[in-house]
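What follows is one structure encoded as structure tokens, with my remarks underneath.
All heavy atoms count here, side chains included; hydrogens, waters and symmetry mates do not. Below, read A as the first sequence line, B as the second, and so on, with proteins coming before strands; counting in each chain starts at 1.
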2 protein chains.
Amino acid sequence: MLQANNIHHLREVTSVALLGPEPNCLQALFRKQPVEHFAAGQTLFFEGDIAKHLFEVVEGSLRIFKIISDGRRVITGFLHGGDIVGVSLKSHYLYSAEAIVDTRIRRFSRKAFEAEVASCPELRPEVFARLCDEMAAAQDQMVLLSRKSAEERVCTFLLKQMPCEPGERGYNAVVDLPMTRLDIADYLGLTIETVSRTMTKLAQKGIVCPAGRHAVRIMKYGLLVQLSGDGEYFGDERGQIAYAGANRH
Amino acid sequence: MLQANNIHHLREVTSVALLGPEPNCLQALFRKQPVEHFAAGQTLFFEGDIAKHLFEVVEGSLRIFKIISDGRRVITGFLHGGDIVGVSLKSHYLYSAEAIVDTRIRRFSRKAFEAEVASCPELRPEVFARLCDEMAAAQDQMVLLSRKSAEERVCTFLLKQMPCEPGERGYNAVVDLPMTRLDIADYLGLTIETVSRTMTKLAQKGIVCPAGRHAVRIMKYGLLVQLSGDGEYFGDERGQIAYAGANRH
DNA sequence: CGAAGGCTTGACCGCTATCAAAGCACGTGG
DNA sequence: CCACGTGCTTTGATAGCGGTCAAGCCTTCG
């Protein structure tokens, strides 16, 4: 899975922004393919299946997950419009993929994709860059799952789901959450109850404001960053945030 | 004195034996480079540094880690002889790397590496394969950190550290653990106390047998697989089981 | 309007973290 | 060779975060 948008890596966002108009970019390959429709809940492929295709999400959202022995589910990522699934695959899918909401995708044969990349050197940097972004996201997720508290996880998650145009950041940005609480829980390594309680707590503190079941408004961006456990590197010149005293319980 | 790591030495010899005859493999690139020595505890590079080099571990072990805000450390991986650090890097290192024991490495400029890969198409499948393996390992780690109990984590870890020649598996394989308990804890998302207690419990059950501070003998491989939470799920009591199909990727 | 599924809230419990101290291995120097 | 110090590991006691179980509420849809 690949997420084109990651607010934690501004350098990369910049390069992604350049991809749209570029004629020789990965998305251009998909543009010729017909658009397919998947209803909410429908499965694109299962973990372990032979990896015949790559997919580009045109519109909508996917969840990427693994199931272990006694039914426990781990969501390793969410994909949205512009993301491409399957660049990091060899012979078999490493995970299953389902549509969260009604979703339109384009599909590309893996064999043809490899041929295109082999014959078209300009594509290789982008393939490589997407793999690296995917790797960086996986490592951030390991940090989250390994050492962050429930509150830090939820705050990190909300920040990651924010629209990432710089102008949109800061106060009153509305974050869309198409997935269910169970999806969020399985992504953050928590239970639905803990996700729910943490959201409530953030709302009570006035940091976020619930806007329907599948969206929240960010009221205090700076506090959210603080509580996410990510933003406190000393000597780093990111002047936009005024840090008040963090209350650690 | 640093322990003579027989197992890791074997590991290196084996992989070299397999890859050695291959003229166009990644390790062949490194072979021309001089061998450097890093003492136990020494740092190869820091997270955030400009990524000037890739490294091949010739002999010894490295830990790869990130530090977050208030000093919490997350070890995202251990590397041993034959492994290559930095294939998934763009401009900056995503993590820091330190030698766990006295370690010999070879270094290769990233620029030269990219040039070699660009000019030598036979290398690309191996680069790609290593990236995919790294990605698969990261996903398995996410599953571990997200949903596994302390016992499952430790069992999974021990299995992963086992020498992987099929003949060596099963009873009485000795697993070398050059890293400290703190390293293991920071890798598994636990504390040293929990790691220690879990090891003791496994020893009391007769599943493993401590062999000095930095090694354990695997006494009941099948049970270890069962307890790792990865293999098939058996509700009934089957005791020691055959381990067919335990690892599939 | 009622059923169903998702979400929130509450009570309680257990796993693992935390705090603390004792045990061990190993190197150093007398 | 032994005494001693240091750092790592083990073991024990306690506490707290988040999981589990159980209602109750809200939204959607037939």
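Of the side-chain N and O atoms in Thr200(A), one or more sit less than 4.0 angstrom from OP1 or OP2 of dT9(C). Using a 4.0 Å cut-off, some side-chain N or O of Thr194(B) falls inside it from OP1 or OP2 of dA17(C).
Of the candidates dC7(C), dT11(D), dT8(C), the closest approach to any side-chain atom of Ser196(A) belongs to dT8(C). Ranking dC7(C), dG18(D), dG19(D) by closeness to the Thr191(A) side chain, first place goes to dG19(D). Which of dT9(D), dT27(D), dT16(C) sits closest to the side chain of Ser149(B) comes down to dT16(C).
A donor and an acceptor atom sit less than 3.5 Å apart, one in the side chain of Arg197(B) and one in the base of dG12(D). The base of dC19(C) sits within donor-acceptor range of the side chain of Glu193(B), with an N or O pair under 3.5 Å.
For Phe45(B) and Tyr93(B), the ring centers sit closer than 6.0 Å to each other.
Counted by atom type alone, Lys66(A) and Thr76(A) present zero donor-acceptor pairs between their side chains at under 3.5 Å. Checked by atom type, the side-chain pair Ser88(A)/Glu134(A) shows a donor-acceptor distance below 3.5 Å.
Gly212(B) comes within contact range of no nucleotide atom at all, as no heavy-atom separation falls under 4.0 Å. As judged by a 4.0 angstrom heavy-atom cut-off over every strand, Leu190(B) is placed among residues touching the sugar-phosphate backbone only. Thr180(B) comes within contact range of the sugar-phosphate backbone alone, with a heavy-atom separation under 4.0 Å but no base atom that close.
Between Leu177(A) atom CG and dG6(C) atom P there is a gap of 16 Å when expressed in whole angstrom units. Distance CD1 (Ile184(A)) to C1' (dG6(C)): 12 Å, rounded to an integer number of Å. Taking atom CG of Leu188(A) as the reference point, atom P of dG19(D) lies 11 Å away to the nearest angstrom. The separation between Arg181(B) atom CZ and dC8(D) atom P is 13 Å, rounded to whole Å. Computed from coordinates, the Met199(B) CE to dT9(D) P distance equals 10 Å when rounded to whole Å. Straight-line distance from the CZ atom of Arg72(B) to the C1' atom of dT18(C): 15 Å, rounded to whole Å. Note: CD (Glu152(B)) to C1' (dT16(C)) measures 14 Å, nearest angstrom. Computed from coordinates, the Asp186(A) CG to dC7(C) P distance equals 12 Å when rounded to whole Å.
Mapping Arg147(B) and Gln204(B) onto DNA chain D via the closest heavy atom, the residue that lands nearer the 5' end is Gln204(B).
Going from atom CD of Glu152(B) over to atom OG1 of Thr198(B) covers 11.0 Å, rounded to the nearest 0.5 Å.
The only member of Leu44(B), Leu62(B), Leu54(B) that meets side chain to side chain contact (heavy atoms under 4.5 Å, CB included) when paired with Val85(B) is Leu62(B).
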